Amino acid sequence: PMGAEIYKKFSDGAIKQEEAVTLIFAASSELISPSDALYLYPDNVPITSIRRAITQLTKKGILVKTDYTKTSEWGKPEHCWVHSKFSHLI
């Protein structure tokens with residue numbers, strides 16, 4: 001499963017935070033919010049770290065921000081992103 005693969009690479013020290021976030025998005029053509037990515041992330045990190053990685057990956061053209069939003073667990077709307085290889089689907 002996708003989560004196990006990311007966790008193994010992360011725990012082996014072979015993967016950095018941006019790489020882990022990239023793998024999360026690359027594994028699914030679904031819209032993913034920062035909260036979704038945090039839930040799928042293989043380690044306990046602050047949501048701000050996930051958001052920072054998403055911002056950097058968006059600047060690099062790896063992720064694409066969409067106009068779609070989801071309600072976060074805190075009741076606030078969050079934009080969703082997709083991996084650039086799936087951007088033709090939005």
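Side-chain atoms are counted along with the backbone in the values below, which use heavy atoms only and exclude waters and symmetry mates. The structure presented is a predicted model; accordingly, all values stated were derived computationally and were not measured.
- The side-chain hydrogen bond (donor to acceptor under 3.5 Å, both in side chains) check on R51 picks up E78, with sequence neighbours excluded.
- Between atom CD1 of residue I32 and atom CD1 of residue I24 there is a gap of 7.5 Å, rounded to the nearest 0.5 Å.
- The distance from atom CD1 of I47 to atom CG of L38, rounded to the nearest 0.5 Å, is 4.5 Å.
- Annotation: side-chain contact (heavy atoms from CB on, under 4.5 Å) contacts of T71 (sequence neighbours excluded): none.
- Note that OG of S28 and NE2 of H83 are 11.5 Å apart. Values are rounded to the nearest 0.5 Å.
- For E18, the salt bridge (charged side-chain N to carboxylate O under 4.0 Å, His left out) partners two or more places apart in sequence, or in a different chain, are K60.
- Considering every non-hydrogen atom in both V64 and S87, the closest pair reads CG2-CB, 3.9 Å.
- Note that CZ of F25 and OG of S84 are 11.5 Å apart. Values are rounded to the nearest 0.5 Å.
- Linking Ile, Leu, Val, Met, Phe, Trp and Tyr whenever their side-chain heavy atoms come within less than 4.5 Å leaves L31 and L57 in two separate clusters.
- Smallest separation of non-hydrogen atoms from S35 and W74: OG-CZ3, 3.4 Å.
- Proximity of a side-chain donor or acceptor of E19 to a complementary backbone N or O of K16 within less than 3.5 Å is detected.
- Taking each heavy atom of I50 and A37 in turn, the nearest pair found is CG2-CB, 3.8 Å.
- Here the closest heavy-atom approach between residue A53 and residue V21 is recorded as CB-CG2, 3.9 Å.
- Remark: side-chain polar atoms of H79 are paired, donor with acceptor, to backbone N or O of T66 under 3.5 angstrom.
- Hydrophobic clustering (side-chain heavy atoms under 4.5 Å, transitive across Ile, Leu, Val, Met, Phe, Trp, Tyr) keeps V82 apart from L23.
- Residues passing the side-chain hydrogen bond (donor to acceptor under 3.5 Å, both in side chains) test with T58, sequence neighbours excluded: W81.
- If you chain together hydrophobic residues whose side chains sit under 4.5 Å apart, V45 and I54 fall into the same group.
- A distance of 12.0 Å separates CG in L63 from SG in C80, rounded to the nearest 0.5 Å.
- Counting only residues at least two apart or on different chains, no salt bridge (charged side-chain N to carboxylate O under 4.0 Å, His left out) pair has a member in residues 20-35.
- Legend: salt bridge (charged side-chain N to carboxylate O under 4.0 Å, His left out) pairs involving residues 65-76, not counting sequence neighbours, sorted by first then second residue: D36-K70.
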